[in-house]
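All ligand and atom numbering here is 1-based and tracks the order in the structure. Heavy atoms only: backbone and side chains are in, while hydrogens, waters and symmetry mates are out. All residue numbers refer to positions in the sequence shown, counting from 1.
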Amino acid sequence: MFNVNSFSISRLPKIEFGPGTINKLPSIIKTYGNRLLIVTGDKSFIQSESWADLEKNLSSSDIEYTLCHVITEPSPTLIDKLVQDYRLSAVDAVVAIGGGSALDAGKAIAGLLKTSYSVMDFLEGVGPELVYEGPVVPFIAVPTTAGTGSEATKNAVLSEQSFNGYKKSFRDEKLVPAVAIVDPDLLKSCPESLIAANGMDALTQLMESYVSTHSNEMTDALAISGIKAIKASLLAWYDGDNSDTNRSKMAYASLLSGINLAQTGLGSVHGLASPLGAFFPIPHGMVCGTLLAEAADINITAMKQREPDNPALFKYAELGRLLSDNISLNDEAAHQSLIFVLRQLVEQMDLPYLKEYGIRVEHLEHIVGHSRGSSMKTNPIVLTDDEIRQLVFRRIKRQAND
Ligand code: NAD
(Lines give C-alpha, C1' and ligand atoms only; values in the text may rest on other atoms or scores of the structure.)
Protein backbone atom coordinates (compact mmCIF):
# COMPACT_ATOMS: atom_id res chain seq x y z
CA MET A 1 0.00 0.00 0.00
CA PHE A 2 1.20 3.54 -0.81
CA ASN A 3 2.68 5.17 2.28
CA VAL A 4 4.55 8.39 2.94
CA ASN A 5 7.21 7.98 5.60
CA SER A 6 8.75 10.85 7.54
CA PHE A 7 11.39 12.84 5.71
CA SER A 8 13.15 16.17 5.84
CA ILE A 9 14.20 18.39 2.96
CA SER A 10 17.15 20.67 3.53
CA ARG A 11 17.31 24.27 2.36
CA LEU A 12 16.85 25.04 -1.32
CA PRO A 13 17.79 28.16 -3.28
CA LYS A 14 15.17 30.54 -4.62
CA ILE A 15 14.88 29.21 -8.16
CA GLU A 16 14.35 31.22 -11.35
CA PHE A 17 13.93 28.82 -14.27
CA GLY A 18 13.38 29.48 -17.97
CA PRO A 19 14.83 30.94 -21.18
CA GLY A 20 15.92 34.53 -20.68
CA THR A 21 15.87 34.40 -16.86
CA ILE A 22 19.47 35.66 -16.80
CA ASN A 23 17.93 39.07 -17.49
CA LYS A 24 16.62 39.02 -13.92
CA LEU A 25 20.17 38.92 -12.54
CA PRO A 26 20.72 42.70 -12.14
CA SER A 27 17.50 43.22 -10.16
CA ILE A 28 18.27 40.19 -7.99
CA ILE A 29 21.79 41.50 -7.32
CA LYS A 30 20.36 44.88 -6.35
CA THR A 31 18.57 43.25 -3.41
CA TYR A 32 22.03 42.56 -1.93
CA GLY A 33 23.95 45.69 -3.00
CA ASN A 34 25.87 46.84 -6.04
CA ARG A 35 29.39 45.40 -5.66
CA LEU A 36 29.80 42.06 -7.28
CA LEU A 37 32.39 39.34 -7.73
CA ILE A 38 31.66 37.29 -10.85
CA VAL A 39 33.28 33.86 -11.06
CA THR A 40 33.15 32.34 -14.50
CA GLY A 41 34.87 29.69 -16.62
CA ASP A 42 37.45 29.99 -19.34
CA LYS A 43 35.77 31.93 -22.16
CA SER A 44 32.55 30.32 -23.44
CA PHE A 45 30.28 32.64 -21.44
CA ILE A 46 32.37 35.79 -21.82
CA GLN A 47 32.31 35.33 -25.60
CA SER A 48 28.55 34.84 -25.75
CA GLU A 49 25.80 37.31 -26.60
CA SER A 50 24.35 36.72 -23.15
CA TRP A 51 27.46 38.25 -21.60
CA ALA A 52 27.31 41.29 -23.89
CA ASP A 53 23.67 41.84 -22.82
CA LEU A 54 24.42 41.22 -19.16
CA GLU A 55 27.35 43.64 -19.20
CA LYS A 56 25.06 46.39 -20.53
CA ASN A 57 22.39 45.59 -17.93
CA LEU A 58 24.90 45.59 -15.06
CA SER A 59 26.28 48.90 -16.17
CA SER A 60 22.84 50.53 -16.58
CA SER A 61 21.94 49.24 -13.10
CA ASP A 62 25.09 50.84 -11.61
CA ILE A 63 26.46 47.47 -10.53
CA GLU A 64 30.25 47.32 -10.25
CA TYR A 65 31.87 43.97 -10.82
CA THR A 66 35.19 42.19 -10.78
CA LEU A 67 35.62 39.12 -12.97
CA CYS A 68 37.64 36.06 -12.07
CA HIS A 69 38.13 32.94 -14.18
CA VAL A 70 38.22 29.32 -13.07
CA ILE A 71 39.60 27.29 -15.93
CA THR A 72 39.81 23.78 -14.47
CA GLU A 73 38.04 21.77 -11.76
CA PRO A 74 39.00 23.89 -8.73
CA SER A 75 41.66 22.95 -6.19
CA PRO A 76 41.84 24.06 -2.54
CA THR A 77 44.98 26.05 -3.40
CA LEU A 78 43.11 27.97 -6.09
CA ILE A 79 40.20 28.71 -3.75
CA ASP A 80 42.49 29.98 -1.00
CA LYS A 81 44.32 32.17 -3.51
CA LEU A 82 41.12 33.69 -4.90
CA VAL A 83 39.75 34.28 -1.39
CA GLN A 84 43.03 35.95 -0.49
CA ASP A 85 42.82 38.15 -3.62
CA TYR A 86 39.29 39.38 -2.90
CA ARG A 87 39.04 39.18 0.90
CA LEU A 88 39.66 42.87 1.39
CA SER A 89 37.42 43.97 -1.49
CA ALA A 90 33.93 45.14 -0.68
CA VAL A 91 31.71 42.46 -2.19
CA ASP A 92 27.93 42.42 -1.66
CA ALA A 93 27.30 39.22 -3.61
CA VAL A 94 29.19 36.50 -5.48
CA VAL A 95 27.73 35.34 -8.80
CA ALA A 96 29.08 32.22 -10.50
CA ILE A 97 28.20 31.75 -14.17
CA GLY A 98 29.58 28.60 -15.74
CA GLY A 99 29.87 24.86 -15.43
CA GLY A 100 30.17 22.96 -12.16
CA SER A 101 33.78 24.10 -11.75
CA ALA A 102 32.90 27.82 -11.75
CA LEU A 103 29.82 27.20 -9.60
CA ASP A 104 31.73 25.19 -7.01
CA ALA A 105 34.54 27.75 -6.94
CA GLY A 106 32.03 30.59 -6.49
CA LYS A 107 30.26 28.66 -3.74
CA ALA A 108 33.47 28.05 -1.82
CA ILE A 109 34.67 31.64 -2.27
CA ALA A 110 31.31 33.02 -1.06
CA GLY A 111 31.62 30.79 1.98
CA LEU A 112 35.12 31.97 2.90
CA LEU A 113 35.36 35.60 1.82
CA LYS A 114 34.16 37.02 5.13
CA THR A 115 36.08 34.54 7.29
CA SER A 116 39.76 34.14 8.04
CA TYR A 117 39.84 30.42 7.30
CA SER A 118 41.47 28.27 4.63
CA VAL A 119 39.12 25.90 2.79
CA MET A 120 41.39 23.10 4.05
CA ASP A 121 39.97 23.71 7.54
CA PHE A 122 36.58 22.41 6.38
CA LEU A 123 37.26 19.88 3.61
CA GLU A 124 35.68 16.48 4.36
CA GLY A 125 38.16 13.74 5.09
CA VAL A 126 41.14 16.09 4.85
CA GLY A 127 42.51 18.28 7.65
CA PRO A 128 40.72 19.24 10.87
CA GLU A 129 37.14 19.22 9.46
CA LEU A 130 36.08 22.24 11.54
CA VAL A 131 32.37 23.01 11.84
CA TYR A 132 31.60 25.76 9.32
CA GLU A 133 29.81 28.68 10.96
CA GLY A 134 29.75 31.24 8.15
CA PRO A 135 29.03 33.96 7.44
CA VAL A 136 28.46 33.48 3.71
CA VAL A 137 28.36 36.27 1.19
CA PRO A 138 25.05 35.97 -0.75
CA PHE A 139 25.75 33.56 -3.59
CA ILE A 140 23.91 33.36 -6.92
CA ALA A 141 24.55 30.34 -9.14
CA VAL A 142 23.95 30.44 -12.90
CA PRO A 143 24.78 27.11 -14.61
CA THR A 144 25.90 26.99 -18.24
CA THR A 145 26.10 23.19 -18.37
CA ALA A 146 23.37 20.59 -17.79
CA GLY A 147 24.72 19.50 -15.63
CA THR A 148 26.02 19.04 -12.24
CA GLY A 149 23.07 20.52 -10.35
CA SER A 150 25.60 22.44 -8.23
CA GLU A 151 23.20 25.42 -8.35
CA ALA A 152 21.02 23.55 -5.83
CA THR A 153 23.56 21.74 -3.65
CA LYS A 154 25.29 22.49 -0.37
CA ASN A 155 28.76 21.32 -1.39
CA ALA A 156 31.67 22.56 -3.44
CA VAL A 157 33.84 19.78 -4.86
CA LEU A 158 37.56 20.53 -4.80
CA SER A 159 40.38 18.38 -6.03
CA GLU A 160 44.09 18.09 -5.65
CA GLN A 161 44.98 16.14 -8.72
CA SER A 162 47.80 13.59 -8.59
CA PHE A 163 48.13 9.84 -8.12
CA ASN A 164 47.98 10.43 -4.36
CA GLY A 165 45.56 13.33 -4.59
CA TYR A 166 41.95 13.66 -3.46
CA LYS A 167 38.59 15.00 -4.56
CA LYS A 168 36.55 16.12 -1.55
CA SER A 169 33.73 18.46 -0.60
CA PHE A 170 33.44 21.64 1.42
CA ARG A 171 29.88 21.01 2.56
CA ASP A 172 27.40 22.88 4.69
CA GLU A 173 23.77 23.85 4.36
CA LYS A 174 24.78 27.52 4.63
CA LEU A 175 26.59 27.13 1.29
CA VAL A 176 23.38 26.42 -0.65
CA PRO A 177 23.11 29.27 -3.17
CA ALA A 178 20.68 32.03 -2.19
CA VAL A 179 19.40 32.09 -5.77
CA ALA A 180 19.75 29.69 -8.71
CA ILE A 181 19.10 31.20 -12.14
CA VAL A 182 18.63 28.32 -14.55
CA ASP A 183 18.46 29.70 -18.08
CA PRO A 184 18.47 27.04 -20.83
CA ASP A 185 19.59 29.67 -23.36
CA LEU A 186 23.02 29.57 -21.73
CA LEU A 187 23.41 25.96 -22.86
CA LYS A 188 23.29 26.84 -26.58
CA SER A 189 27.06 26.69 -27.00
CA CYS A 190 27.61 23.31 -25.30
CA PRO A 191 29.58 20.97 -27.56
CA GLU A 192 28.66 17.29 -28.01
CA SER A 193 31.19 16.00 -25.49
CA LEU A 194 29.91 18.32 -22.76
CA ILE A 195 26.28 17.41 -23.53
CA ALA A 196 27.15 13.72 -23.15
CA ALA A 197 29.27 13.98 -20.00
CA ASN A 198 26.99 16.42 -18.20
CA GLY A 199 23.81 14.63 -19.27
CA MET A 200 25.19 11.39 -17.86
CA ASP A 201 26.21 13.19 -14.64
CA ALA A 202 22.62 14.42 -14.20
CA LEU A 203 21.18 10.98 -15.06
CA THR A 204 23.56 9.30 -12.62
CA GLN A 205 22.63 11.75 -9.86
CA LEU A 206 18.92 11.17 -10.46
CA MET A 207 19.26 7.37 -10.60
CA GLU A 208 21.54 7.22 -7.57
CA SER A 209 19.24 9.46 -5.54
CA TYR A 210 16.23 7.33 -6.56
CA VAL A 211 17.79 4.11 -5.23
CA SER A 212 19.70 5.80 -2.36
CA THR A 213 19.19 4.44 1.15
CA HIS A 214 18.13 8.03 2.06
CA SER A 215 15.54 8.46 -0.69
CA ASN A 216 11.97 9.49 0.19
CA GLU A 217 8.61 9.96 -1.57
CA MET A 218 9.42 13.51 -2.57
CA THR A 219 12.91 12.86 -3.93
CA ASP A 220 11.54 9.79 -5.75
CA ALA A 221 8.97 11.97 -7.51
CA LEU A 222 11.65 14.47 -8.51
CA ALA A 223 13.99 11.71 -9.68
CA ILE A 224 11.35 10.19 -11.95
CA SER A 225 10.40 13.59 -13.36
CA GLY A 226 14.06 14.37 -14.12
CA ILE A 227 14.73 10.98 -15.67
CA LYS A 228 11.67 11.37 -17.94
CA ALA A 229 13.03 14.75 -19.06
CA ILE A 230 16.42 13.19 -19.86
CA LYS A 231 14.79 10.33 -21.75
CA ALA A 232 12.92 12.83 -23.88
CA SER A 233 15.84 15.10 -24.71
CA LEU A 234 19.41 13.99 -24.05
CA LEU A 235 20.07 11.89 -27.16
CA ALA A 236 18.22 14.29 -29.44
CA TRP A 237 20.26 17.23 -28.13
CA TYR A 238 23.48 15.21 -28.41
CA ASP A 239 22.52 14.31 -32.00
CA GLY A 240 22.30 17.98 -32.95
CA ASP A 241 18.78 19.17 -32.13
CA ASN A 242 19.84 22.23 -30.12
CA SER A 243 16.20 23.27 -29.55
CA ASP A 244 14.74 25.26 -26.65
CA THR A 245 12.75 22.16 -25.72
CA ASN A 246 15.73 19.85 -25.42
CA ARG A 247 17.85 22.38 -23.57
CA SER A 248 15.03 23.24 -21.17
CA LYS A 249 14.42 19.59 -20.36
CA MET A 250 18.09 18.96 -19.67
CA ALA A 251 18.46 22.14 -17.58
CA TYR A 252 15.41 21.03 -15.59
CA ALA A 253 16.73 17.48 -15.10
CA SER A 254 20.08 18.81 -13.97
CA LEU A 255 18.46 21.16 -11.45
CA LEU A 256 16.38 18.30 -10.03
CA SER A 257 19.46 16.10 -9.84
CA GLY A 258 21.15 18.74 -7.67
CA ILE A 259 18.12 19.19 -5.43
CA ASN A 260 17.96 15.44 -4.96
CA LEU A 261 21.63 14.76 -4.35
CA ALA A 262 21.66 17.35 -1.57
CA GLN A 263 18.83 15.43 0.14
CA THR A 264 19.65 11.77 -0.45
CA GLY A 265 23.35 11.44 -1.16
CA LEU A 266 24.53 9.38 -4.12
CA GLY A 267 25.93 5.91 -4.81
CA SER A 268 28.74 3.77 -6.13
CA VAL A 269 29.42 5.78 -9.32
CA HIS A 270 30.06 8.91 -7.31
CA GLY A 271 31.95 6.89 -4.70
CA LEU A 272 34.34 6.01 -7.52
CA ALA A 273 34.25 9.43 -9.18
CA SER A 274 36.19 10.84 -6.22
CA PRO A 275 39.34 8.69 -6.51
CA LEU A 276 39.15 8.43 -10.31
CA GLY A 277 38.80 12.20 -10.74
CA ALA A 278 41.48 12.88 -8.12
CA PHE A 279 44.10 10.43 -9.40
CA PHE A 280 43.57 10.85 -13.16
CA PRO A 281 42.73 13.81 -15.44
CA ILE A 282 39.24 12.57 -16.30
CA PRO A 283 36.30 15.01 -16.40
CA HIS A 284 33.69 14.26 -13.74
CA GLY A 285 30.80 13.67 -16.17
CA MET A 286 32.88 11.20 -18.19
CA VAL A 287 33.46 9.08 -15.08
CA CYS A 288 29.73 9.04 -14.37
CA GLY A 289 28.77 8.24 -17.93
CA THR A 290 31.25 5.46 -18.42
CA LEU A 291 30.38 3.70 -15.14
CA LEU A 292 26.61 4.16 -14.87
CA ALA A 293 25.35 1.04 -16.69
CA GLU A 294 27.86 -1.32 -15.07
CA ALA A 295 27.18 0.16 -11.62
CA ALA A 296 23.45 -0.52 -12.01
CA ASP A 297 24.21 -4.06 -13.21
CA ILE A 298 26.52 -4.78 -10.28
CA ASN A 299 24.09 -3.32 -7.73
CA ILE A 300 21.21 -5.38 -9.12
CA THR A 301 23.25 -8.61 -9.16
CA ALA A 302 24.51 -8.02 -5.60
CA MET A 303 20.99 -7.37 -4.30
CA LYS A 304 19.58 -10.45 -6.03
CA GLN A 305 22.31 -12.55 -4.38
CA ARG A 306 22.34 -11.06 -0.89
CA GLU A 307 19.27 -8.84 -0.36
CA PRO A 308 16.43 -10.02 -2.61
CA ASP A 309 13.91 -7.93 -0.61
CA ASN A 310 15.88 -4.69 -0.98
CA PRO A 311 13.35 -2.06 -2.20
CA ALA A 312 15.93 -0.70 -4.67
CA LEU A 313 15.50 -3.86 -6.75
CA PHE A 314 11.90 -2.87 -7.47
CA LYS A 315 13.01 0.71 -8.16
CA TYR A 316 15.59 -0.47 -10.68
CA ALA A 317 12.81 -2.49 -12.35
CA GLU A 318 10.63 0.64 -12.46
CA LEU A 319 13.49 2.48 -14.17
CA GLY A 320 13.83 -0.38 -16.68
CA ARG A 321 10.12 -0.15 -17.53
CA LEU A 322 10.34 3.63 -17.84
CA LEU A 323 13.49 3.81 -19.96
CA SER A 324 12.45 0.96 -22.27
CA ASP A 325 8.89 2.29 -22.65
CA ASN A 326 7.42 -1.05 -21.68
CA ILE A 327 5.30 -1.07 -18.54
CA SER A 328 4.36 -4.73 -19.01
CA LEU A 329 7.88 -6.09 -18.29
CA ASN A 330 8.24 -8.22 -15.17
CA ASP A 331 10.99 -7.18 -12.76
CA GLU A 332 13.57 -9.62 -14.14
CA ALA A 333 13.04 -8.50 -17.74
CA ALA A 334 12.92 -4.85 -16.64
CA HIS A 335 16.33 -5.17 -14.98
CA GLN A 336 17.77 -6.59 -18.19
CA SER A 337 16.16 -3.83 -20.25
CA LEU A 338 17.54 -1.17 -17.95
CA ILE A 339 21.09 -2.39 -18.36
CA PHE A 340 20.60 -2.78 -22.12
CA VAL A 341 19.27 0.79 -22.51
CA LEU A 342 22.01 2.29 -20.34
CA ARG A 343 24.79 0.42 -22.16
CA GLN A 344 23.29 1.55 -25.45
CA LEU A 345 23.30 5.17 -24.27
CA VAL A 346 26.97 4.90 -23.29
CA GLU A 347 27.75 3.55 -26.79
CA GLN A 348 25.56 6.06 -28.63
CA MET A 349 27.23 9.00 -26.91
CA ASP A 350 30.65 7.47 -27.33
CA LEU A 351 31.61 7.68 -23.67
CA PRO A 352 35.28 6.75 -23.38
CA TYR A 353 36.85 3.78 -21.67
CA LEU A 354 38.98 4.65 -18.66
CA LYS A 355 42.21 3.57 -20.34
CA GLU A 356 41.96 6.73 -22.45
CA TYR A 357 42.80 8.65 -19.29
CA GLY A 358 45.72 6.44 -18.30
CA ILE A 359 43.77 4.14 -15.96
CA ARG A 360 45.07 0.56 -15.98
CA VAL A 361 44.35 -2.72 -14.20
CA GLU A 362 47.35 -2.24 -11.91
CA HIS A 363 45.67 0.90 -10.52
CA LEU A 364 42.56 -0.97 -9.36
CA GLU A 365 43.64 -1.57 -5.74
CA HIS A 366 44.51 2.09 -5.23
CA ILE A 367 41.15 3.19 -6.69
CA VAL A 368 39.06 0.66 -4.75
CA GLY A 369 40.91 1.51 -1.54
CA HIS A 370 39.77 5.15 -1.83
CA SER A 371 36.20 4.59 -2.98
CA ARG A 372 34.36 4.39 0.35
CA GLY A 373 33.74 8.13 0.88
CA SER A 374 30.38 9.75 1.59
CA SER A 375 28.68 8.82 -1.70
CA MET A 376 29.34 5.08 -1.33
CA LYS A 377 27.57 5.14 2.05
CA THR A 378 24.13 5.71 0.47
CA ASN A 379 24.51 3.07 -2.26
CA PRO A 380 21.48 0.74 -1.94
CA ILE A 381 23.71 -2.20 -0.98
CA VAL A 382 27.18 -2.32 0.57
CA LEU A 383 29.36 -3.60 -2.27
CA THR A 384 32.34 -5.83 -1.60
CA ASP A 385 35.81 -4.74 -2.70
CA ASP A 386 35.59 -7.42 -5.39
CA GLU A 387 32.37 -5.93 -6.77
CA ILE A 388 33.82 -2.40 -6.80
CA ARG A 389 36.95 -3.72 -8.51
CA GLN A 390 34.79 -5.51 -11.09
CA LEU A 391 32.82 -2.32 -11.77
CA VAL A 392 35.93 -0.32 -12.67
CA PHE A 393 37.56 -3.25 -14.45
CA ARG A 394 34.63 -3.59 -16.89
CA ARG A 395 35.16 -0.02 -18.09
CA ILE A 396 38.94 0.07 -18.33
CA LYS A 397 38.93 -1.13 -21.91
CA ARG A 398 36.56 -2.71 -24.39
CA GLN A 399 38.08 -6.24 -24.25
CA ALA A 400 37.35 -6.40 -20.53
CA ASN A 401 33.69 -6.71 -21.42
CA ASP A 402 34.15 -9.47 -24.01
P1 NAD B 1 33.32 22.36 -16.03
O2 NAD B 1 32.66 23.41 -15.24
O3 NAD B 1 34.65 21.88 -15.57
O4 NAD B 1 33.39 22.86 -17.52
C5 NAD B 1 34.00 22.05 -18.52
C6 NAD B 1 34.36 22.93 -19.72
O7 NAD B 1 33.18 23.37 -20.37
C8 NAD B 1 35.12 24.20 -19.32
O9 NAD B 1 36.14 24.40 -20.27
C10 NAD B 1 34.06 25.29 -19.43
O11 NAD B 1 34.62 26.55 -19.72
C12 NAD B 1 33.21 24.78 -20.60
N13 NAD B 1 31.83 25.26 -20.63
C14 NAD B 1 30.99 25.49 -19.60
N15 NAD B 1 29.78 25.89 -20.06
C16 NAD B 1 29.87 25.90 -21.42
C17 NAD B 1 28.96 26.24 -22.46
N18 NAD B 1 27.70 26.62 -22.22
N19 NAD B 1 29.39 26.16 -23.75
C20 NAD B 1 30.67 25.75 -24.03
N21 NAD B 1 31.57 25.42 -23.08
C22 NAD B 1 31.17 25.51 -21.79
O23 NAD B 1 32.40 21.07 -16.19
P24 NAD B 1 31.11 20.57 -15.43
O25 NAD B 1 30.97 19.16 -15.81
O26 NAD B 1 29.96 21.47 -15.60
O27 NAD B 1 31.53 20.62 -13.88
C28 NAD B 1 32.38 19.66 -13.33
C29 NAD B 1 32.66 19.95 -11.90
O30 NAD B 1 31.45 20.00 -11.15
C31 NAD B 1 33.50 18.85 -11.26
O32 NAD B 1 34.50 19.43 -10.44
C33 NAD B 1 32.52 18.10 -10.40
O34 NAD B 1 33.12 17.45 -9.32
C35 NAD B 1 31.61 19.22 -9.97
N36 NAD B 1 30.30 18.79 -9.48
C37 NAD B 1 29.81 19.43 -8.40
C38 NAD B 1 28.58 19.06 -7.88
C39 NAD B 1 28.06 19.74 -6.66
O40 NAD B 1 27.02 19.38 -6.14
N41 NAD B 1 28.73 20.74 -6.15
C42 NAD B 1 27.82 18.05 -8.49
C43 NAD B 1 28.36 17.41 -9.60
C44 NAD B 1 29.59 17.79 -10.11
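With a 4.0 Å heavy-atom cut-off, ligand 1 is reached by the side chain of T153 but not by its N, CA, C or O. The side chain of P191, and not its backbone, has at least one atom closer than 4.0 Å to an atom of ligand 1 (non-hydrogen atoms only; side chain from C-beta on).
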K315 vs S215, side-chain hydrogen bond (donor to acceptor under 3.5 Å, both in side chains): CA-CA, chis, key distance, verdict: CA-CA 11 Å; K315 286 182 160 182; S215 61; 2.9 Å; yes
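The ligand atoms of ligand 1 that sit less than 4.0 angstrom from a heavy atom of D201 are 43 (C), 44 (C). Below 4.0 Å from some heavy atom of E73 lie the following atoms of ligand 1, by number and element: 31 (C), 32 (O). The atoms of ligand 1 that sit less than 4.0 Å from any heavy atom of Q205 are 42 (C), 43 (C). Short contacts between ligand 1 and K167, defined as distances under 4.0 Å to a heavy atom of the residue, involve ligand atoms 34 (O).
Summarising the geometry, atom OG1 belonging to T153 is positioned 11.0 Å from atom CG belonging to L12; distances are rounded to the nearest 0.5 Å.
Salt bridge annotation for K24-E16: present, with a cationic side-chain nitrogen under 4.0 angstrom from a carboxylate oxygen.
For atom 18 (N) of ligand 1, the nearest protein heavy atom is under 4.0 Å away. Within a 4.0 Å radius of atom 33 (C) of ligand 1, the protein has at least one heavy atom. Closer than 4.0 Å to atom 8 (C) of ligand 1 lies none of the heavy atoms of the protein.
For an aromatic pair to be called close, the ring centres must be under 6.0 Å apart, and H366 with F279 satisfies this. If you look at F170 and Y132, their ring centroids are closer than 6.0 Å.
Under 3.5 Å, the side chains of K30 and S61 contain no donor-acceptor pair of N or O atoms. Side chains of H270 and E208: a donor-acceptor N/O pair is present below 3.5 angstrom, by distance only.
Taking all heavy atoms of T204, L158, L194 into account, the minimum distance to atom 5 (C) of ligand 1 is reached by L194. Counting heavy atoms only, D104 comes closest to atom 36 (N) of ligand 1 of the residues D42, V70, D104, N198. Between T148, T144, D185, it is T148 that holds the heavy atom closest to atom 44 (C) of ligand 1. If you check each of G99, S50, S101 against atom 3 (O) of ligand 1, the one with the closest non-hydrogen atom is S101. Closest heavy-atom approach to atom 20 (C) of ligand 1 among the candidates A152, S189, G149, S274: S189. Scanning P283, A278, G100, A102 for the heavy atom closest to atom 26 (O) of ligand 1 points to G100.
Within 6.0 Å of CD in E133 there are 12 or fewer heavy atoms belonging to other residues, nucleotides or ligands. Heavy atoms from other residues, nucleotides or ligands lying under 6.0 Å from CD of Q348 number more than 12. Heavy-atom neighbours of F17 CZ from other residues, nucleotides or ligands within 6.0 Å: above the threshold of 12. Surrounding NZ of K14 are at most 12 heavy atoms belonging to other residues, nucleotides or ligands under 6.0 Å away.
Distances shorter than 4.0 angstrom do not occur between any heavy atom of K188 and any atom of ligand 1. Within the 4.0 Å heavy-atom shell around ligand 1 one finds C190.
Taking distance alone, with nitrogen or oxygen atoms compared against 3.5 Å, T145 approaches ligand 1 more closely than that limit. Here's the thing with L186: one of its N/O atoms is less than 3.5 angstrom from an N/O atom of ligand 1.
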